[in-house]
Amino acid sequence: MTTQTLMIGQTLWFEGDAMQIGVEAARYNRRGALLIEGGKVVARGEAETLQTSYPQAKVVDYGEGLILPGFVDSHMHYPQTRMIASWGKRLIDWLNSYTFPEEMTLADPDEARARADLTLDLALAHGTTTQVSYCTIHPCSVDAFFEAAATRGMRVFAGKTCMDRNAPEGLCDTPQTAYDQSKELLAKWHGVGRAEYVITPRFSPTSTPEQLEALGALWAEHPDCLMQTHLSEQTDEIDWVKSLFPNAKDYLDTYETFGLLGQRALYGHVIHLEPREADRLAEVGAAVVHCPTSNTFIGSGIFEAAKLASRGIRVGLATDTGGGSSFSMLRTMAAAYEIGQLAGTALHPAQLLWLATEGSARALHAQDRIGTLAIGSEADITVLDLASTPAIAQRHDRANDIWEAVFPTIMMGDDRAVKSVWVGGVQVQPK
Ligand code: GUN
Ligand code: ZN
């Protein structure tokens, strides 16, 4: 007989899209429980009821701890972990000065594995159970990330970052090698254990039309894969794209022309959109990813989460490390709140939590596996301490409801607020 675990605490989940219907989408149990068996959530309800129904289950009682789906970071770059908080540059200079030299170091498989181990350990310590990562051009960087994730039992999404121009020679391949190596890695990893391969052209400026076309062809052969790239992050970048693709209608068109627009597309940043681009994203059903700490850190601009969501566009939330300035999805939610205020919409704590869990999972078409506490979902769970520091605790003490209780942790919390993390039904934090 497999072991049953009854996890007790405050439970919070969603029934419906919180970006569309707000707090009404949230469900909360003051003393709730999840029954976990075989790595999945198999029952959910009141603690007392489930304890009576499953007297043989091993009880793990988190008391006042808040039990949530593990956080889903839907856009980040694991090779950039060690260059987080690099000072003073905007996107193109930041890439050339810091990012590309750093990514060169992953030509060494040992270095790649060390970076992957470090990144995934940091993720778990911050309550993030799934990452969607760009790797580098080097196939060994993809192997390293998927192997390190498999060691930890984590569901991850990643792909070889393809470039064939406007990058140092050591980081460029060709249309053919990008296609061949991506195809080989996809065959090796996609659907193996909890690994999902993502076709990954970095962004239009670093790929020739031929390379974009080759990757569009690969995606057409594997339509069940996600495709990730960057879109309209900074105005200088957009001007550059227009000069490189003079016949394109706009930035998004440089992807669509080569078969790189679809329902399983995931575009990071998406700040300076033209109306036609927003219309196309909505029509096609593509997803966009909000990277708020990065957008302020690199000086990119204000992402309009509420406006895009109101068009029915799926929105994920992400750290975008190392352009982002924090590994914490709590800090990322806080930044999303602050950006929302600047954009004219105060996102409700329910919406922030939704973006960091089920919203990101939906952006990945993975909400049947992760990002929820639904029966049948994989038991990737993060338990928060809502009074993790004296500063947070004194505000938490005055809370009148769950939203006032959780908002100080969203705004002021970090890895100290992460009480416990479970991956696939196994406790991984604290170690
Ligand atoms: N655009 C192209 N590459 C990158 C990257 O690594 N980080 C960010 N923030 N934007 C990019
Ligand atoms: Zn990025």
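Counting starts at 1 for both ligands and their atoms, following the listed order.
Atoms of ligand 1 lying under 4.0 Å from at least one heavy atom of Asp320, given by number and element, are 8 (C), 9 (N). Near Phe203, meaning under 4.0 Å from any of its heavy atoms, are these atoms of ligand 1: 1 (N), 2 (C). Annotation for ligand 1: atoms under 4.0 Å from non-hydrogen atoms of Ile298 are 9 (N). Remark: ligand 1 atoms within the under-4.0 Å shell around heavy atoms of Glu233 are 1 (N), 8 (C), 9 (N), 10 (N), 11 (C).
Looking at Phe297 against ligand 1, nothing comes within 4.0 Å, counting heavy atoms. Heavy atoms of Thr206 found under 4.0 angstrom from ligand 1: none, in either backbone or side chain. If you look at Glu237 next to ligand 1, there are no close heavy atoms at all, none under 4.0 Å.
The protein atom (non-hydrogen) at minimum distance from atom 3 (N) of ligand 1 is Arg202 NE, 2.8 Å. Here the protein heavy atom with the shortest distance to atom 7 (N) of ligand 1 is Trp94 CZ3, 3.4 Å.
Ligand 1 is approached by His269 to a heavy-atom distance shorter than 4.0 Å. No heavy atom of Tyr134 sits closer than 4.0 Å to any atom of ligand 1.
No other N/O/S atom of His230 lies as close to the Zn ion (ligand 2) as NE2 does. With respect to the Zn ion (ligand 2), Asp320 has OD1 as its nearest N, O or S atom.
Using a cutoff of 4.0 Å between basic side-chain nitrogens and carboxylate oxygens, Asp385 and Arg416 are not scored as salt-bridged. Using a 4.0 Å cut-off between charged side-chain N and carboxylate O, Arg264 and Glu196 make no salt bridge. Under 4.0 Å is where a charged nitrogen must lie from a carboxylate oxygen, and between Arg27 and Glu358 no such pair does. A salt bridge links Glu283 with Arg280; the closest basic N to acidic carboxylate O contact falls under 4.0 Å.
In this structure, a donor-acceptor pair under 3.5 Å is absent between the side chains of His126 and Thr128.
Within the structure, the salt bridge (Lys or Arg N to Asp or Glu O under 4.0 Å) test picks out the following pairs touching residues 205-234 (sequence neighbours left out): Lys183-Glu221.
Distances from the Zn ion (ligand 2) show that Cys291 has no N/O/S atom below 2.8 Å. Inclusion of His77 in the first shell of the Zn ion (ligand 2) is supported: an N, O or S atom falls under 2.8 Å.
Among His77, His75, Met163, His230, the residue whose heavy atom sits closest to atom 2 (C) of ligand 1 is His230.
Checked against Glu378 for a salt bridge (Lys or Arg N to Asp or Glu O under 4.0 Å), the options Arg155, Arg369, Lys40 give a single hit: Arg155. Just one of His269, His272, Gln234, Arg90 meets the side chain to side chain donor-acceptor pair (under 3.5 Å) condition when paired with Ser300; it is Gln234.
At least one side-chain heavy atom of Ile381 sits under 4.5 Å from a side-chain heavy atom of Leu373.
Listed by chain and number, the residues in a ring pair (Phe, Tyr, Trp, His ring centres under 6.0 Å) with His77 are His75, Tyr134, His230 (sequence neighbours excluded).
Polar contact with ligand 1: present for Gln80 (N/O pair, distance under 3.5 Å).
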Would you check, one step at a time, whether the test side chain to side chain donor-acceptor pair (under 3.5 Å) holds for Ser328 with Asp414? CA-CA 6 Å; Ser328 169; Asp414 53 30; over 6 Å; no
